[in-house]
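To start, the structure itself, in structure tokens.
As the structure is a computational prediction, the values presented were derived from the model and not from experiment. Computation of the quantities below employed the complete heavy-atom set of this structure, encompassing side-chain atoms and omitting hydrogens, waters and symmetry-equivalent molecules.
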Amino acid sequence: MARPFTPKIVTANALLEGDVIYLSENGTWERSLSAAALFDTQEAAEERLAFAAKDGMAVGAYLVDAVAGETGPEPTHFREEFRRTGPSNHNHGKQAEL
């Protein structure tokens with residue numbers, strides 16, 4: 001039996017800075033997860049992933065399971081929550097903003 005589809009977001013790393021980035025509804029890369037587009041079908045998610053893979057500003061694009069939250073998409077796996085908050089060795093960058 002096939003597993004039910006879970007909505008997806010597209011994430012990658014910015015080529016020059018290495019920051020975690022998310023594909024928005026209008027096809028731009030954003031550094032805030034709340035700006036990420038949430039895709040409700042496998043076809044739409046794979047289409048946007050293919051678009052992201054051709055973009056020269058991002059590396060390592062992949063799909064992430066997510067659910068709609070109050071302020072935008074929320075990842076369903078702890079790995080993506082960890083990526084969103086940045087390095088864990090010091091309280092700087094994104095961590096200082098939380």
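Put simply, the side chain of Thr11 gets close to the backbone of Ile21: a donor and an acceptor are under 3.5 Å apart.
Contact between Thr41 and Phe5 at its shortest, heavy atoms only, is C-CZ, 3.4 Å. In plain terms, the two heavy atoms of Ala61 and Ala52 that are nearest each other are CB-CB, 4.0 Å. Closest approach of Arg31 and Ala14 over heavy atoms only: NH2-CB, 3.7 Å. Taking all atoms of both residues into account, the shortest heavy-atom contact from Arg48 to Gly27 is NH2-CA, 3.2 Å. For Ser34 against Pro73, the heavy-atom pair with the smallest separation is O-CD, 4.0 Å. Nearest heavy atoms, Ala37 versus Ile9: O-CG2, 3.3 Å.
A continuous path of Ile, Leu, Val, Met, Phe, Trp and Tyr side chains, each step under 4.5 Å between heavy atoms, connects Val64 with Leu38, placing both in one hydrophobic cluster. Note on Met57 and Tyr22: separate hydrophobic clusters, where clusters join Ile, Leu, Val, Met, Phe, Trp and Tyr whose side-chain heavy atoms are under 4.5 Å apart, directly or indirectly. Val10 and Phe51 end up in the same hydrophobic cluster when Ile, Leu, Val, Met, Phe, Trp and Tyr side chains are linked at under 4.5 Å.
Atoms NZ and CG, from Lys8 and Leu23 in turn, are 15.5 Å apart once rounded to the nearest 0.5 Å. Rounded to the nearest 0.5 angstrom, Asp65 CG and Glu74 CD are separated by 14.0 Å. Remark: Trp29 CH2 to Asn13 CG distance equals 9.5 Å, nearest 0.5 Å.
Scanning for salt bridge (Lys or Arg N to Asp or Glu O under 4.0 Å) contacts around Asp40 gives an empty result, with sequence neighbours left out.
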